[in-house]
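A short write-up of the structure that comes next.
Atom set for the values below is all heavy atoms of this structure, side chains included, hydrogens, waters and symmetry mates excluded. In this text the structure is predicted, and so the values were computed from the model without any measurement. In what follows, every chain begins at residue 1, and chains take the letters A, B, ... in the order their sequences are listed.
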Number of protein chains: 2
Amino acid sequence: MSVRPLTTLTYALLGLIQQAPLSGYALMKTFQTTPMRQYSGSPGAVYPALRKLERGGLIRGAVERQGSLRPRRVYHLTSRGREALRRWLSPPVTVEDAALRERELMLRFALMDSLLPPAQVDRFLKTMAASIDDYVESIAPFMDAAGMTSHATLALESGLEGLRGRAAWARRARRRLGNRRRGRKAR
Amino acid sequence: MSVRPLTTLTYALLGLIQQAPLSGYALMKTFQTTPMRQYSGSPGAVYPALRKLERGGLIRGAVERQGSLRPRRVYHLTSRGREALRRWLSPPVTVEDAALRERELMLRFALMDSLLPPAQVDRFLKTMAASIDDYVESIAPFMDAAGMTSHATLALESGLEGLRGRAAWARRARRRLGNRRRGRKAR
DNA sequence: AAAGGCATGTAAGGTGTTACATGATTGT
DNA sequence: ACAATCATGTAACACCTTACATGCCTTT
């Protein structure tokens with residue numbers, strides 16, 4: 001019953017296909033030519049992932065013949081795919097997410113805007129900021145721990161700054177998006 | 001001849017063992033209880049990696065019998081291991097490193113202080129700052145690109161802030177460490 | 001003529017995750 | 001009596017990377 005969650009790459013594919021139907025090659029190119037490349041774009045990863053998604057009924061490919069060029073399969077999201085994506089996007093952010101899956105978090109945020117209602121986006125950002133705060137609190141004590149070299153301390157400082165920066169970003173994003181939202185008291 | 005580079009986990013193990021001889025279990029615990037956990041610490045990863053390192057002659061394990069508890073293998077670095085670590089730590093930072101391997105970079109910095117001379121540490125930080133700048137320049141134009149949703153723009157903004165923060169950190173670290181260094185003009 | 005882009009795909013190889021197995025000791 | 005900690009390890013499984021294969025078209 002409980003299907004194990006798909007990989008980040010898989011959700012990235014799902015998210016891009018949701019925004020507009022795309023071929024495997026176009027998806028690869030998107031990864032290779034934009035900041036999305038963090039989520040990888042080698043043919044050996046993309047094509048098998050797409051076939052797996054199609055087998056699972058989350059996307060469907062239509063062969064498009066164009067001139068004499070090799071025909072391409074253009075994929076579009078099925079309703080089951082849309083639901084799977086929504087299920088991945090919906091849960092509040094945990095401390096584990098904040099500590100170990102920053103990229104996945106940013107991918108989720110980037111993909112959720114047309115799929116989740118504003119209230120859930122707001123919850124995402126709120127729990128993200130709170131989880132980062134919690135995580136920072138849990139690792140900040142290491143700054144004064146014994147046995148840390150000066151380099152280790154500096155590295156940890158960089159990590160903490162990154163985390164605090166992201167928490168601040170989440171709060172700022174919340175305010176900005178909040179201003180666009182109706183049905184909620186302005187601050 | 002050209003051995004493919006080891007994984008990040010492998011170098012994390014090498015670096016910890018270099019600081020003090022440790023058993024596989026102690027290494028796992030270090031990963032599980034400190035901010036190092038990003039580099040993973042499951043038994044299924046750590047023990048096989050240690051055996052591989054020993055087969056390759058980079059570490060050597062000595063069995064320590066203690067009371068009736070299961071004896072443990074305490075590993076120490078060999079000279080070949082120290083050289084492998086140094087070779088990994090030495091190269092200047094590339095734009096690829098800055099774009100895709102931030103964690104590996106911070107690990108390198110955290111581990112290099114007793115293994116590289118100050119001039120090489122300085123070069124690491126200098127090239128790190130420069131590479132991040134280059135990468136930022138290459139992706140900043142996407143902020144104004146067409147077809148970006150407001151969420152994608154915000155996500156990219158967060159990424160850019162993180163990068164700029166790390167570049168600033170590298171420059172700050174350079175100055176701080178520079179003050180400790182002799183034989184160089186003070187600024 | 002060669003190189004590179006479009007377009008899909010497979011094969012080999014290594015790495016990681018989760019879960020389990022073992023067995024003694026220490027804490028509740 | 002049960003759980004947790006010390007301590008090492010294996011098995012199953014999935015995943016990714018790199019490299020290659022194929023074939024047509026366009027550009028240099």
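- Looking at heavy-atom distances under 4.0 Å, B:E64 makes no contact with the nucleic acid at all.
- Atom-to-atom, CZ of A:F31 to P of C:dA7 comes out at 17 Å; the value is rounded to the nearest Å.
- The pair B:R171-B:D133 counts as a salt bridge, with a side-chain nitrogen and a carboxylate oxygen less than 4.0 angstrom apart.
- If you check C:dT10, D:dT8, C:dT8 against the side chain of B:R72, the one that comes closest is D:dT8.
- Atom CG in B:L22 sits roughly 15 Å away from atom C1' in D:dC6 (whole-Å rounding).
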Per-nucleotide protein contact string for nucleotides 12-23 of chain D, where B marks a base within reach and S marks sugar-phosphate only (heavy atoms under 4.0 Å, - for neither): ---SSBBB--B-
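- Atom pair A:R101:CZ and C:dT17:P shows a separation of 12 Å (rounding to whole Å applied).
- In this entry the distance linking CD of B:Q66 with C1' of D:dA7 reads 8 Å, nearest Å.
- B:R60 and B:E54 are not joined by a salt bridge, as no carboxylate oxygen comes within less than 4.0 angstrom of a charged side-chain nitrogen.
- If you measure from atom CE of A:M28 to atom C1' of C:dT8, you get 10 Å, rounded to the nearest angstrom.
- Using a 4.5 Å cut-off on side-chain heavy atoms (C-beta onward), B:Q18 and B:L85 make contact.
- Per the geometry, OH belonging to B:Y25 stands 17 Å off P belonging to C:dA24, to the nearest Å.
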Evaluate the side chain to side chain donor-acceptor pair (under 3.5 Å) criterion for residues B:W88 and B:E83: first the C-alpha distance (whole Å), next the side-chain angles of each, then the deciding distance (0.1 Å), finally the verdict. CA-CA 9 Å; B:W88 178 65; B:E83 275 326 299; over 6 Å; no
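- Side-chain atoms of B:D134 and B:S131 form no donor-acceptor pair, as typed in the model, at a separation below 3.5 Å.
- The side chain of B:R51 approaches D:dG9 more closely than any other nucleotide in the set D:dA7, D:dG9, C:dG9.
- Atom-to-atom, CZ of B:R73 to C1' of D:dG9 comes out at 12 Å; the value is rounded to the nearest Å.
- Whole-Å rounding puts the B:E104 CD to C:dT15 C1' distance at 14 Å.
- Checked by atom type, the side-chain pair B:T10/B:T7 shows a donor-acceptor distance below 3.5 Å.
- Contact check on A:E157 versus B:R176 returns a salt bridge, with a Lys/Arg side-chain nitrogen under 4.0 Å from an Asp/Glu carboxylate oxygen.
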